[in-house]
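Below is one structure; the comments refer to it alone.
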Amino acid sequence: MIYYSTNGKAPKADLRKAVVKGLAEDKGLYMPERIQRLSDEFFQTMGARSFVDNAVEVAKAYWGEDIPSAELRKIVEETLAFDCPIHEVEPGIYALELFYGPTLAFKDVGARFLARLLRYFTNGEGNINVLVATSGDTGSAVANGFLGVEGIHVYVLYPKGKVSPIQECQFTTLGKNITALEIDGVFDDCQALVKAAFMDADLNAKMKLTSANSINVARFLPQSFYYFWAYAQLQKIGKADNVVCCVPSGNFGNICSALFGKRMGLPIKRFIAANNANSVFYEFLQTGEYTPRPSIQTIANAMDVGDPSNFVRIWDLYGHNAEAIRKDISGATYSDAQIAETIKDCYKRTGYLLDPHGACGYRALKEGLKPEEVGFFCETAHPAKFKDTVERIIEEPISIPEHLAAFMKGTKQSVGLSKNYYDFKAFLMNA
Ligand SMILES: *Cc1c(COP(=O)(O)O)cnc(C)c1O
């Protein structure tokens with residue numbers, strides 16, 4: 001498969017280059033040149049196959065030419081070592097629970113796939129450095145996905161004081177090939193530092209850099225596996241007509257993978273992108289203008305993004321046409337007060353405990369679903385990852401799953417840096 005850049009000014013890349021480089025030379029994001037439609041027969045029989053078997057067919061459509069099928073199957077199997085079940089919250093509304101991986105959030109899927117693909121491509125070469133900016137969950141997923149992988153060092157950049165203590169301990173306590181950098185700034189500063197490093201000639205001459213943010217094709221595309229699985233599960237219970245999919249969105253990598261799924265033929269009728277108060281995409285849908293701005297801090301902090309990197313992928317996928325985007329995707333935006341009210345109300349009425357991100361998805365689906373439709377939203381993280389916030393809202397203690405509690409016993413190790421690029425560069429040059 002050949003990959004092109006959304007900016008159209010960089011040379012095309014093969015899979016290896018797209019994965020190892022992450023970002024194209026013209027700062028565009030890589031897109032696969034073809035999106036293969038799977039057969040009608042495949043979709044009609046999805047409910048009869050396992051999560052892994054369905055995912056292998058999806059994987060072959062993108063990577064079948066580049067990776068031998070036995071190897072690809074192994075990578076998919078290792079990635080999907082946990083289930084992504086659907087849970088009926090109330091009639092017609094399902095939660096696709098994406099929190100059974102090692103860090104209890106959906107980013108485990110993309111991070112695990114990327115780690116295995118990078119290892120496949122760099123086997124024997126060694127000395128690869130992964131730079132990742134995080135507003136919370138990315139860092140833990142990537143750090144855990146790569147922990148102990150030989151020849152690869154991971155640097156996690158996170159905004160000081162802006163990630164929850166539970167999130168922080170999941171990437172600052174690991175040691176080994178994982179270094180946590182605590183940046184005195186906001187998430188967008190961390191993202192800017194990573195982007196600047198990739199463009200820096202000195203640095204790239206000294207060390208092999210690669211990204212693990214949701215811009216990497218090997219991280220965002222595998223996320224489509226669980227959209228196929230959600231559909232397969234709905235098909236099994238006879239609920240697969242008029243399916244609406246709602247995705248709590250920040251950098252828009254997750255929803256973007258679902259949109260690729262639709263292009264492959266996955267029969268999802270329409271999508272809803274649920275935002276917190278960072279409503280740049282929502283406003284784009286209203287006005288047709290995309291106006292990025294600094295992010296605002298919210299209680300759904302993994303979605304605190306003021307300039308979603310994957311917007312350009314969606315823009316490209318729909319031929320730079322806002323009207324075409326609006327036909328497939330509608331939007332919603334919620335304040336912290338609305339998120340809190342939603343968590344409390346859903347818990348009281350149904351007994352289902354949402355996390356602050358999933359709460360945006362649940363509410364947007366509930367408000368937007370028509371009587372003839374069936375909907376699922378991504379429950380993107382386990383509520384215990386946001387224990388303090390959720391407990392304050394429902395006014396009840398919640399318990400922490402065993403392996404999350406294990407992280408909290410570790411010792412925090414991180415390096416403090418300013419948001420000035422030259423400090424970051426100096427640190428890497430001397431590493
Ligand atoms: C990252 C994240 C999101 C946002 O996903 P994007 O792919 O960035 O849109 C939503 N919820 C949680 C819990 C996350 O960690």
Side-chain angles (χ1 to χ4, degrees), residues 29 84 95-111 114 132-145 156 158 162-164 166-168 170-171 187-188 190-191 212-217 219-224 226-227 245-261 271-276 278-282 295 298-314 329 331-334 339 343 354-364 377-387 389-390 404:
L29 272 56
C84 299
L96 173 62
E97 296 182 335
L98 303 177
F99 52 67
Y100 290 97
T103 71
L104 311 184
F106 79 89
K107 292 189 180 74
D108 285 327
V109 173
L114 173 62
V132 58
T134 186
S135 56
D137 278 352
T138 301
S140 49
V142 170
N144 285 276
V156 180
Y158 70 104
K162 296 196 172 58
V163 302
S164 77
I166 295 181
Q167 287 175 324
E168 192 175 3
Q170 290 177 84
F171 52 81
F187 168 71
D188 294 317
C190 299
Q191 187 148 274
N213 276 84
S214 55
I215 55 174
N216 198 302
V217 288
R219 240 200 76 193
F220 99 90
L221 271 176
Q223 294 172 162
S224 66
Y226 47 68
Y227 291 100
C245 165
C246 180
V247 186
S249 295
N251 254 325
F252 281 71
N254 197 6
I255 195 167
C256 199
S257 73
L259 298 172
F260 272 74
F271 297 85
I272 305 172
N275 285 156
N276 58 22
N278 293 278
S279 55
V280 169
F281 186 79
Y282 176 79
S295 59
T298 76
I299 57 171
N301 69 2
M303 296 170 13
D304 291 353
V305 182
D307 184 4
S309 20
N310 287 286
F311 176 79
V312 293
R313 280 204 170 107
I314 298 177
I329 317 170
T333 171
Y334 299 109
I339 294 171
I343 292 174
L354 296 158
D355 95 291
H357 308 79
C360 296
Y362 166 79
R363 180 152 177 173
F377 66 96
C378 294
E379 182 35 297
T380 48
H382 193 288
K385 286 196 89 166
F386 307 92
K387 187 174 188 286
T389 304
V390 173
L404 190 50

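All ligand and atom numbering here is 1-based and tracks the order in the structure. When reading the values below, keep in mind they use all heavy atoms of this one structure, side chains included, and skip hydrogens, waters and symmetry mates.
- The nearest pair of heavy atoms linking Pro383 to Leu354 is CB-O, 3.8 Å.
- The shortest N or O to N or O distance between Ala302 and ligand 1 is not below 3.5 Å.
- Close N/O approach between Asp355 and ligand 1 is not found [any backbone or side-chain N/O within under 3.5 Å].
- The structure places NE2 of His382 at 7.0 Å from OH of Tyr100, a figure rounded to the nearest 0.5 Å.
- Between Asn144 and Gln170, the closest heavy-atom pair is ND2-O, 3.2 Å.
- For ligand 1, the atoms closer than 4.0 angstrom to any heavy atom of Asn251 are 6 (P), 8 (O), 9 (O).
- Between Gly331 and Tyr282, the shortest heavy-atom contact is C-CD1, 3.5 Å.
- Ligand 1 is approached by Pro248 to a heavy-atom distance shorter than 4.0 Å.
- Checking Met303, Gln223, Lys107, His357 against atom 2 (C) of ligand 1, the nearest heavy atom belongs to Lys107.
- When non-hydrogen atoms are compared, ligand 1 lies under 4.0 Å from neither the backbone nor the side chain of Lys385.
- For Val305 against Gly250, the heavy-atom pair with the smallest separation is CB-O, 3.6 Å.
- The nearest protein atom to atom 5 (O) of ligand 1, hydrogens excluded, is given as Phe106 CZ, 3.3 Å; this is a heavy-atom distance.
- Residue contact check: Ala381 has heavy atoms under 4.0 Å from atoms 13 (C) of ligand 1.
- The closest approach between a heavy atom of Phe220 and any atom of ligand 1 is not below 4.0 Å.
- A heavy-atom distance below 4.5 Å is found between the side chains of Arg219 and Thr138.
- Atoms of ligand 1 lying under 4.0 Å from any heavy atom of Asn254, numbered from 1 in the order shown and given with element: 7 (O).
- Between Tyr226 and Leu96, the shortest heavy-atom distance links the atoms O-CD2, 3.7 Å.
- At least one N or O atom of Phe252, backbone or side chain, sits closer than 3.5 Å to an N or O atom of ligand 1.
- If you number the atoms of ligand 1 from 1 as listed, the ones under 4.0 Å from a heavy atom of Gly253 come out as 6 (P), 7 (O), 9 (O).
- Looking only at heavy atoms of the protein, atom 11 (N) of ligand 1 is closest to Thr380 OG1, 2.8 Å.
- Classification of the Phe281-Phe252 ring pair by plane angle, with boundaries at 30° and 60°, yields tilted.
- For the atom pair CZ (Phe311) and OG (Ser249), the distance works out to 13.0 Å, reported to the nearest 0.5 Å.
- Nearest-residue assignment for atom 9 (O) of ligand 1 (options Ala300, Ala274, Gly250, Ala273; heavy-atom criterion): Gly250.
- Each of the following atoms of ligand 1 lies closer than 4.0 Å to a heavy atom of Ser249: 9 (O).
- Between Met303 and Asn275, the closest heavy-atom pair is CE-C, 4.1 Å.
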